[in-house]
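Okay, structure first, notes after.
Indexing begins at 1, ligand by ligand and atom by atom, following the structure's order.
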Amino acid sequence: MAAIIVVGTQWGDEGKGKIIDILSRQADVIARYQGGNNAGHTVVVGEEEFTFHLIPSGILHPGKKCVIGSGVVIDPQGLIEEIEELEPKGIAFAGRLFISDRAHITMPYHKVLDRVIDEKRGKGKIGTTGRGIGTTYMDKTARVGIRVCDFLDREVLKEKLEIGLSEKNDLLRRLNSHHHLDSEKKMLDEYTGYAERMKPFVTDTSFMVNEAIRNGENVLFEGAQGALLDINFGTYPYVTSSHPISGGACVGVGVGPTRIDKVVGVVKAYTTRVGGGPFPTELEGDLAETLRNAGPIGEYGRTTGRPRRCGWFDAVVVRQSAIINGLDCIAVTRLDILDRFSKIKMCVGYEYGGRTLREFPSLLKVVESCKPVYEEMDGWNEDTSGVRRFRDLPMNARRYLEKISGLAETELCMVSTGPGREQTIKVKDVWRP
Ligand code: IMO
Ligand code: MG
């Protein structure tokens with residue numbers, strides 16, 4: 001038995017969905033611990049492609065229990081839409097989906113405000129997903145949020161909605177926004193409908209997951225976003241409002257750190273970022289276009305459709321991530337995308353003020369003026385898509401992976417060579433102690 005956390009080590013979109021899907025085969029419980037439907041986790045099964053936003057990627061495996069923990073923020077409308085899209089594809093939810101009674105609810109005003117506030121930032125725009133994530137967490141920490149248990153009680157919901165709606169209308173007026181929110185009555189009716197739909201899934205998920213661990217079941221914690229989007233350790237303020245890092249799993253599901261056995265970091269073989277904020281190894285022009293469009297699944301946001309910014313692998317980012325997440329091993333994804341490059345660069349440090357930095361700086365203007373220090377390697381110019389054994393990879397691809405592992409000071413456990421389940425190299429059995 002084991003409890004394993006899977007985290008994104010960069011700025012999100014590392015391919016966590018695929019790695020979770022592979023590891024889910026041996027899991028009994030798969031739990032999301034933070035974020036909301038800002039996440040977009042893609043899993044390809046045969047010819048079919050699934051994108052999950054709130055539902056844990058483990059749902060594709062019949063019989064596995066999937067948990068949405070209390071650290072997640074839930075947009076009921078989004079959740080129900082997601083369930084309704086997946087049901088006709090043969091995915092069953094009854095007795096398999098468990099939603100924390102303590103998770104916070106995203107209301108329509110959170111979504112409107114998220115967009116209005118980000119627009120107001122002008123040049124400093126974060127480029128949020130507009131899903132009301134930050135504004136829901138704002139209410140949560142301001143202690144005026146609506147939790148799932150509050151949401152299920154019409155009286156409590158009415159009371160909280162009354163306060164919330166009038167406060168948010170005031171705020172929108174002050175922001176000179178022309179957005180008009182529905183009346184309290186209309187919102188209450190619509191959201192009570194969602195509450196009825198959600199009710200059968202709601203439970204004390206912390207209790208449930210702790211019991212699963214006690215019973216010797218295998219539990220997988222599914223992180224969303226990535227370490228550099230963490231509210232504490234990311235490129236603040238260009239971050240999300242939750243804790244994607246491994247510690248977030250304990251806080252977000254209600255499991256003690258003593259119960260965790262392993263942390264797996266998902267590392268993209270290069271770097272991407274969607275939205276605003278510093279990105280030292282970002283590329284422009286043809287190189288970026290090639291990275292963006294080389295694979296069967298291009299680098300476009302799964303939640304917003306925005307083209308992702310693309311750049312070379314950045315070891316400063318991943319090393320920082322290895323430390324704050326306490327990574328035990330790394331799963332490197334999208335290696336095949338680099339097949340067509342004859343030269344590949346890796347950033348091993350940042351040049352700043354005549355010095356070479358190895359740690360990620362905290363001050364934004366410092367990060368912005370850092371110049372990446374690159375090491376160049378010969379590519380392998382060979383098709384690696386679908387390679388299933390490490391020793392079958394071209395020598396330079398193996399060197400590249402070993403270099404990543406060396407720079408991250410973390411051993412390699414998996415490599416993904418394409419979106420399909422079978423396009424995976426298992427270097428180490430992650431479930432084994
Ligand atoms: P997955 O789970 C990549 C980014 C947004 C924006 C910032 C804040 O698929 O890796 P938010 O809406 O969270 O307040 O936006 O975070 N962002 C992501 N970028 N992958 C994600 O999720 C992301 N979720 C949020 O683009 O820059
Ligand atoms: Mg994604």
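Between Glu299 and Arg292 there is no salt bridge, since no side-chain N of the basic residue sits under 4.0 Å from a carboxylate O of the acidic one. One finds no salt bridge joining Lys65 and Asp28 here, because no Lys/Arg side-chain nitrogen approaches an Asp/Glu carboxylate oxygen to under 4.0 Å.
Atoms of ligand 1 lying under 4.0 Å from any heavy atom of Gly275, numbered from 1 in the order shown and given with element: 27 (O). Short contacts between ligand 1 and Ala39, defined as distances under 4.0 Å to a heavy atom of the residue, involve ligand atoms 1 (P), 2 (O), 9 (O), 22 (O). For ligand 1, the atoms lying closer than 4.0 Å to a non-hydrogen atom of Ala224 are 2 (O). Listed by number with element, the atoms of ligand 1 under 4.0 Å from a non-hydrogen atom of Ile126 are 8 (C), 27 (O). Near Gly12, the atoms of ligand 1 lying under 4.0 angstrom from a non-hydrogen atom of the residue are 3 (C), 10 (O), 20 (N).
Using bins of under 30°, 30° to 60° and over 60° for the plane-to-plane angle, the ring pair Trp312/Phe341 lands in the perpendicular bin. Ring geometry for Tyr194 versus Tyr191: interplanar angle over 60°, hence perpendicular rather than tilted (30 to 60°).
By the 4.0 Å heavy-atom criterion, Lys16 is counted among the residues contacting ligand 1. Not a single heavy atom of Gly226 sits closer than 4.0 Å to an atom of ligand 1. Within the structure, ligand 1 has His41 among the residues with a heavy atom less than 4.0 angstrom away. The closest approach between Val239 and ligand 1 falls below 4.0 Å for a heavy atom of the residue. Taking 4.0 Å as the cut-off, Arg306 counts as a neighbour of ligand 1 on heavy-atom distance.
For the Mg ion (ligand 2), protein N, O or S atoms closer than 2.8 Å were enumerated as Asp13 OD1, Gly40 O, with waters left out.
In this model, a donor atom of one side chain and an acceptor atom of the other lie less than 3.5 Å apart for Tyr270 and Arg334.
When Val266, Val430, Ile30 are each tested for a side-chain contact (heavy atoms from CB on, under 4.5 Å) with Val6, only one passes: Val266.
Of the protein's non-hydrogen atoms, Val274 O, 3.1 Å is the one closest to atom 27 (O) of ligand 1. Looking only at protein heavy atoms, the nearest one to atom 12 (O) of ligand 1 is Thr129 OG1, 2.6 Å. Among protein heavy atoms, the minimum distance from atom 6 (C) of ligand 1 is reached at Gly127 O, 3.2 Å. Annotation: atom 18 (C) of ligand 1 to nearest protein heavy atom, Leu229 CD1, 3.7 Å. Closest to atom 15 (O) of ligand 1 among all protein heavy atoms lies Thr128 CA, 3.3 Å. In terms of protein heavy atoms, atom 23 (C) of ligand 1 is closest to Gln225 CG, 3.6 Å.
With a 4.0 Å cut-off on non-hydrogen atoms, Trp11 touches ligand 1 through its backbone and not its side chain. Both the backbone and the side chain of Asp13 come within 4.0 Å of ligand 1, counting heavy atoms alone.
In this structure, CG in Leu171 is found 7.5 Å from NZ in Lys168, a value given to the nearest 0.5 Å.
The aromatic ring centres of Tyr238 and Trp11 sit 6.0 Å or more apart.
In terms of N/O distances under 3.5 Å, ligand 1 is not approached by Arg131.
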**Report entry** Derivation and outcome, side-chain contact (heavy atoms from CB on, under 4.5 Å), residues Asp336 and Asp339
**Finding:** CA-CA 5 Å; Asp336 54 304; Asp339 288 353; 3.8 Å; yes
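Among Thr272, Thr135, Thr240, the residue whose heavy atom sits closest to atom 13 (O) of ligand 1 is Thr240.
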